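These figures come from a predicted structure and were not determined experimentally.
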Amino acid sequence: MTRKQNVVRMHHGLNLNIGIVIFVIIIIYVIFNLISYLTSSPVAEYEVGQGTIATNHIYHGLILRDETVVYAGQSGYINYYLKNGAKASVNDVVYSIDTSGELSRQISDVASNGDTLDTETLNEVSSELDVFRNSYDSNTFSSVYTFKNELNAQLTQTLSMNALSSLNEDVKAAVENNTFYKKKSEKPGIIVYYTDGYESVTTDNFTANQFNMADYKRNSLDDQEQVTANTPAYKRIDSEKWNILLPVSEDMAEQLKDNEYIKIRFCKDDFTLTVPYSLTKKDGSYYVNLSLKTAMIRYVNDRFVDVELVVSEKTGLKIPNSAITKKQFYTVPKEYFTQGGDSSDPGLMIENHAGDTGSVTLVQPTIYYETDDFYYIDDETVSAGDVVVKNNSSGTYTIGSDVDKLTGVYNINKGYAVFKQIDILTQNNKYTIVDTGTSYGVALYDHIALDGSKIKENQLVVK
């Protein structure tokens, strides 16, 4: 065999060996990634969306209205003809008094017959049942009894009015004999059938003790069969304007002092309004006085109500608190960054240590955040102790001289984890609102790791 043939045979053997080595390396790499994939725990993800969080405070409020108690002119048996919370015009019949009791009994007997209900009334009742059914919440089952009592009172008083009309001749005779009196509303207003002693309380004469519900007593009027002269027959609310007084801390009063309007939410039914308010200091305590012109009928049966003050409201990207984590970065002065190579991205010239005096290597690290003077980078392309050479200068900077931590989340859009800095606007115990359009930050519809504490930079993500 010639020398030339030996060289050729050795050359082919070398090629074959290199091919096998490369193939083995690829197989090992694939097996390693497959094992890593199979043994990795799935990463729960969250899609970033738009959201709002309000900083709220709930207070127990005292409702004050322009209320007039109307007293019975005679003693006798009483029947009511308007439902609780109904609007009465001048000369509308509110109630009647029968001194003998005979006609009152007849009215009650006739009123017990539901056949006298007309189609309009039945349609109204059906509509109210539909509204209640659609808004029913099983967590507030007591509302069923409240609705039942209100509906029962409405039907009873409607039937009583029908009975009064059907007994017209008997009523006329009793009126002439001065044994029956129809009582009409002297002013327009809203009719209410309870008293509680707060009717004369105003925003000027209230006291701190009147906020104590333990001492509160309420006297129901529409369930009484007889009345005595000069005792309460009903109550009339003479204005749609009303007030709610909320006792607040000095810090809250200070926070509210420069504004005139505030958004409120009634905890009872989640009804929201934006209303004007003023601050009052009385006997060393602070109160918010909410002035309202609407929705009074919604709470006509309430003297106290829980109100939530929406002090501030932030809108932005909404993410779960569990996704938030912190990561440490090198902070490198911007003046040490330069541009070069095939990219316009900022880079660093790292001084070579291995005896190659004066030579540098250009690296372009990922920038995660920046301030006016610093870029934040990680250890992917540089290490602590690396010396950065300043372009066109003898100045140097050592990586690791300055470090800082950033708050952020891990973006997993591409199948591996990438840290993204966030700018927190506000948060509650479950969610955080972060600023939109943050440089190097998250964006709407990004997918992030739900538990940021279990993720590392560049970790492969199994979903």
Side-chain angles (χ1 to χ4, degrees), residues 14 17-19 21-26 28-30 32-33 36 40 324-424 434-435 437-443 446 448-449 452-461:
L14 183 61
N17 290 339
I18 291 174
V21 169
I22 293 174
F23 178 75
V24 170
I25 290 174
I26 293 173
I28 292 174
Y29 176 78
V30 171
F32 173 79
N33 282 280
S36 298
S40 297
I324 299 174
T325 187
K326 288 183 180 292
K327 181 181 176 182
Q328 183 168 286
F329 292 89
Y330 301 127
T331 57
V332 181
K334 287 183 175 180
E335 59 189 285
Y336 284 91
F337 282 80
T338 186
Q339 288 185 340
D342 298 329
S343 173
S344 60
D345 295 333
L348 294 172
M349 294 189 295
I350 304 298
E351 187 176 74
N352 292 323
H353 298 291
D356 194 2
T357 305
S359 68
V360 296
T361 300
L362 179 66
V363 297
Q364 291 178 312
T366 301
I367 295 174
Y368 291 87
Y369 183 63
E370 67 176 291
T371 64
D372 291 339
D373 301 316
F374 291 91
Y375 283 125
Y376 284 62
I377 64 175
D378 65 5
D379 58 359
E380 183 179 5
T381 57
V382 298
S383 301
D386 286 349
V387 176
V388 180
V389 178
K390 190 175 183 180
N391 191 29
N392 298 324
S393 171
S394 60
T396 61
Y397 176 83
T398 302
I399 298 293
S401 299
D402 301 288
V403 295
D404 194 10
K405 286 186 176 182
L406 290 178
T407 300
V409 298
Y410 280 103
N411 183 302
I412 56 174
N413 286 345
K414 298 179 179 180
Y416 58 90
V418 178
F419 185 88
K420 296 291 183 179
Q421 181 262 347
I422 58 174
D423 184 8
I424 296 176
V434 303
D435 200 3
T438 303
S439 299
Y440 315 108
V442 293
D446 273 353
I448 61 176
S453 65
K454 296 180 179 179
I455 303 294
K456 295 182 180 179
E457 189 74 27
N458 294 320
Q459 175 182 329
L460 291 176
V461 173

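Residue pairs meeting the ring pair (Phe, Tyr, Trp, His ring centres under 6.0 Å) criterion with at least one member in residues 379-402, sequence neighbours excluded, are Y336-Y397.
When side chains are defined from C-beta on, T366 counts as touching E380, because their heavy atoms get closer than 4.5 Å. In this structure, the side chains of I350 and T381 stay at 4.5 Å or more apart for every pair of heavy atoms. In this structure, N391 and M349 have side chains that are in contact, with non-hydrogen atoms separated by less than 4.5 Å.
Residues meeting the side chain to side chain donor-acceptor pair (under 3.5 Å) test with D345, sequence neighbours left out: S343. With sequence neighbours excluded, the residues satisfying side chain to side chain donor-acceptor pair (under 3.5 Å) with S453 are D451. Applying the side-chain contact (heavy atoms from CB on, under 4.5 Å) rule to D446 yields the partners V48, N411, N413, V442, A443; only residues at least two apart in sequence or on another chain are considered. When the side chain to side chain donor-acceptor pair (under 3.5 Å) test is applied to K405, no partner is found at least two apart in sequence or on another chain.
Shown here for V389 and E351, the closest heavy-atom pair between the two residues is CG2-CB, 3.9 Å. When all heavy atoms of P365 and F337 are compared, the closest pair comes out as CG-CE2, 4.2 Å. Across Y410 and A417, no two heavy atoms sit closer than the pair CD2-CB, 3.8 Å. The shortest non-hydrogen separation linking S359 to N352 is OG-ND2, 2.7 Å.
Atom-to-atom distance recorded for T331:OG1 and L406:CG is 9.5 Å, nearest 0.5 angstrom. Expressed to the nearest 0.5 Å, how far OG1 of T325 lies from CD1 of I448 amounts to 11.5 Å. Put simply, NZ on K420 and NZ on K327 are 11.0 Å apart, with the number rounded to the nearest 0.5 Å. Remark: N458 CG to F419 CZ distance equals 13.0 Å, nearest 0.5 Å. With values rounded to the nearest 0.5 angstrom, Q459 atom CD is found 11.5 Å from K454 atom NZ. Here the CG atom belonging to D379 is positioned 11.0 Å from the CD1 atom belonging to I399, to the nearest 0.5 angstrom.
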Donor-acceptor pairs under 3.5 angstrom involving side-chain atoms of residues 367-377: please list them, not counting sequence neighbours.
| unit_1 | atom_1 | unit_2 | atom_2 | d |
| --- | --- | --- | --- | --- |
| Y368 | OH | D378 | OD2 | 2.8 |
| Y368 | OH | E457 | OE2 | 3.0 |
| E370 | OE1 | K334 | NZ | 2.7 |
| E370 | OE2 | Y440 | OH | 2.9 |
| T371 | OG1 | D373 | N | 3.4 |
| T371 | OG1 | F374 | N | 3.1 |
| Y376 | OH | D404 | OD2 | 2.8 |

Verdict with supporting geometry, L348 and V332, side-chain contact (heavy atoms from CB on, under 4.5 Å): CA-CA 10 Å; L348 294 172; V332 181; 4.2 Å; yes
Evaluate I422 against T407 for side-chain contact (heavy atoms from CB on, under 4.5 Å), listing each step before the verdict. CA-CA 6 Å; I422 58 174; T407 300; 4.1 Å; yes
With side-chain contact (heavy atoms from CB on, under 4.5 Å) as the test, would you mind laying out the steps for K390 and T396 before giving the verdict? CA-CA 6 Å; K390 190 175 183 180; T396 61; over 6 Å; no
Applying side-chain contact (heavy atoms from CB on, under 4.5 Å), run through Y330 and V382 and close with a yes or a no. CA-CA 9 Å; Y330 301 127; V382 298; 4.0 Å; yes
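In this structure a side-chain-to-backbone donor-acceptor pair under 3.5 Å is present from T438 to D435.
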